[in-house]
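Below is one structure; the comments refer to it alone.
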Amino acid sequence: MSTNLQFWIMKSEPDVFSIGHLEKAKNQTTPWEGVRNYQARNFMRDQMKIGDQVLFYHSSCDVTGVAGIAEVTSVTYPDPTQFIKTSEYFDAGATKDKPRWFLVDVKWQKTFKDVITLEKIRTAPKLKDLTILKKGNRLSITPCTEAEFKNIISLGR
DNA sequence: GCCAACGTTGGC
DNA sequence: GCCAACGTTGGC
């Protein structure tokens with residue numbers, strides 16, 4: 001594994017878009033559209049690279065936690081939904097010349113048999129510094145270390 | 001449904 | 001540039 005790869009946790013509400021949706025999507029790939037937070041946007045625009053590994057997190061649902069693995073499969077490009085007037089993600093302040101929102105494509109890799117629950121993650125001593133566990137953290141995209149990434153996956157075994 | 005925490009907006 | 005008001009996130 002190349003050492004310049006980065007590791008991420010990306011949240012999605014499974015009622016809207018789950019790991020199952022991603023697995024069944026065309027090419028098992030989706031543009032990660034709808035992010036309207038500057039910090040999360042900046043991660044996609046400035047830091048994500050093809051091959052980066054993603055933990056797919058289910059939020060605001062019955063069983064919250066990491067539901068599977070995905071991978072970044074595109075370079076950054078403007079989120080097309082910001083230009084679509086009828087879209088809930090439409091942004092009147094964005095133009096094609098000066099887009100405001102950027103995204104990457106994400107491809108399905110694996111769906112865990114059981115969701116690795118937030119509770120399990122929270123009680124793992126090695127994961128005590130994980131960003132999503134910090135008080136008040138609501139960011140939908142956060143980086144994690146390779147060690148944290150592997151530790152989370154190991155909780156499912 | 002509640003509510004803490006955070007981000008954004010807009011008046012000044 | 002400050003900050004109050006408002007909107008959103010997301011666990012519970």
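Below, each value reflects all heavy atoms present in this structure, side chains not excepted, and no hydrogens, waters or symmetry copies. Labels below follow one simple rule: chain letters A, B, ... track the order of the sequence lines, proteins then strands, and each chain is numbered from 1.
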How is A:Thr64 classified with respect to the nucleic acid when contacts are heavy atoms under 4.0 Å: base, sugar-phosphate, or nothing? sugar-phosphate
Boundaries of the chain A footprint along DNA chain B (any atom under 4.0 Å from a heavy atom): B:dA5 to B:dT8
Would you check, one step at a time, whether the test ring-ring contact (aromatic ring centres under 6.0 Å, His included) holds for A:Trp101 with A:Tyr77? CA-CA 9 Å; A:Trp101 305 107; A:Tyr77 62 97; over 10 Å; no
Return all side-chain donor-acceptor pairs below 3.5 angstrom for residues 121-136 of chain A, not counting sequence neighbours, or 'none' if the list is empty.
from, atom 1, to, atom 2, distance (Å)
A:Thr123, OG1, A:Glu119, O, 2.9
A:Thr123, OG1, A:Lys120, O, 3.2
A:Lys134, NZ, A:Asp129, O, 3.2

Donor-acceptor side-chain pairing of A:Thr111 and A:Glu23 below 3.5 angstrom: yes
In sequence, state the C-alpha distance, the side-chain angles, and the governing distance for A:Trp8 and A:Asp52, and then conclude on side chain to side chain donor-acceptor pair (under 3.5 Å). CA-CA 8 Å; A:Trp8 306 94; A:Asp52 279 5; 3.0 Å; yes
Which pairs with one or both residues in residues 34-44 of chain A pass salt bridge (charged side-chain N to carboxylate O under 4.0 Å, His left out), sequence neighbours excluded? A:Arg36-A:Asp79
If two hydrophobic side chains count as joined below 4.5 Å and joins carry through other members, does A:Phe17 share a cluster with A:Val72? yes
With sequence neighbours excluded, residues passing side-chain hydrogen bond (donor to acceptor under 3.5 Å, both in side chains) with A:Arg138: none
Could you note down all residue pairs passing salt bridge (charged side-chain N to carboxylate O under 4.0 Å, His left out) where residues 80-93 of chain A supplies at least one of them, sequence neighbours left out? A:Asp91-A:Arg100
Under 4.0 Å from any atom of DNA chain B, heavy atoms only: list the residues of residues 120-136 of chain A that qualify, in numerical order. A:Lys135, A:Gly136
